[in-house]
Amino acid sequence: MGDTIFGKIIRREIPADIVYEDDDVLAFRDLNPQAPVHVLFVPKKAIATLDAAATGDAELLGKLLLAAAAYAREQGLAEQGYRTVINCNEHGGQTVFHLHVHLLGGRHMHWPPG
Ligand code: DGP
């Protein structure tokens, strides 16, 4: 896959408001927040889309979700709730082709999405 803006953030080539990091995952605030809390959890390994993830990425995908859940709990979002979203390709609304989990919280979410 080609490089993306998230690759540049992971390599610290461009700034971001980083809120969590471990060996496999980086999380930073979305530039265009859609909720009071809007954080993106990205694998340091460059996987373009959820569709491009392979069986061998299962543990990494689990780590992404668990990191988002732990952060939401730390931020006091878990009891009232929050939303996690993975957009995939054009119809999914994906604009940055480095797999990421959106964590949205701090307001009531509507369903179904538009
Ligand atoms: P998606 O549409 O699922 O591909 O979401 C991409 C998100 O990435 C979108 O909500 C805006 C955010 N974004 C795009 N460029 C940047 C950036 O340079 N920095 C940060 N922090 N977020 C970005």
Side-chain angles (χ1 to χ4, degrees):
M1 68 173 275
D3 193 24
T4 69
I5 200 90
F6 291 173
K8 291 180 171 45
I9 289 172
I10 291 164
R11 296 192 302 275
R12 307 301 206 268
E13 292 169 9
I14 62 168
D17 187 356
I18 293 169
V19 299
Y20 173 80
E21 179 169 23
D22 63 29
D23 288 347
D24 302 307
V25 176
L26 188 72
F28 49 88
R29 294 189 196 284
D30 195 293
L31 202 59
N32 183 23
Q34 302 301 313
V37 177
H38 188 171
V39 173
L40 303 172
F41 288 79
V42 308
K44 291 183 176 176
K45 176 184 175 183
I47 302 168
T49 71
L50 183 59
D51 183 59
T55 307
D57 297 316
E59 187 177 352
L60 182 56
L61 294 178
K63 286 180 176 177
L64 271 186
L65 287 175
L66 289 173
Y71 180 80
R73 206 175 307 119
E74 284 164 20
Q75 296 299 305
L77 298 172
E79 190 174 334
Q80 282 193 298
Y82 55 85
R83 181 169 292 174
T84 50
V85 174
I86 300 175
N87 296 323
C88 181
N89 283 332
E90 185 185 350
H91 281 191
Q94 186 173 4
T95 58
V96 178
F97 287 85
H98 183 128
L99 176 64
H100 49 283
V101 176
H102 294 256
L103 170 68
L104 298 142
R107 69 168 172 82
H108 194 93
M109 303 293 154
H110 305 288
W111 191 265

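Whatever order the structure lists ligands and atoms in, that order sets their numbers, starting from 1. FYI, side chains are in, hydrogens and waters are out, and symmetry mates aren't considered; it's all heavy atoms of this structure.
Considering only heavy atoms from C-beta on, Ile86 stays 4.5 Å or farther from Leu64 through its side chain. Within the 4.5 Å cutoff, side-chain heavy atoms of Leu40 are placed close to those of Phe28. For the pair Val25 and Lys44, the minimum side-chain heavy-atom distance is 4.5 Å or more.
Contacts of ligand 1 (protein heavy-atom distance under 4.0 Å) are Ile5, Phe6, Ile9, Phe28, Arg29, Asp30, Leu31, Leu40, Asn87, Gly93, Gln94, Thr95, Val96, His100, His102.
If you look at Phe6 and His100, their ring centroids are closer than 6.0 Å.
For residues 62-74, every residue pair satisfying the salt bridge (Lys or Arg N to Asp or Glu O under 4.0 Å) rule, not counting sequence neighbours, is listed here: Asp24-Lys63, Glu59-Lys63.
The two residues Ile9 and Ala16 make their nearest non-hydrogen contact at CG2-CB, 3.6 Å.
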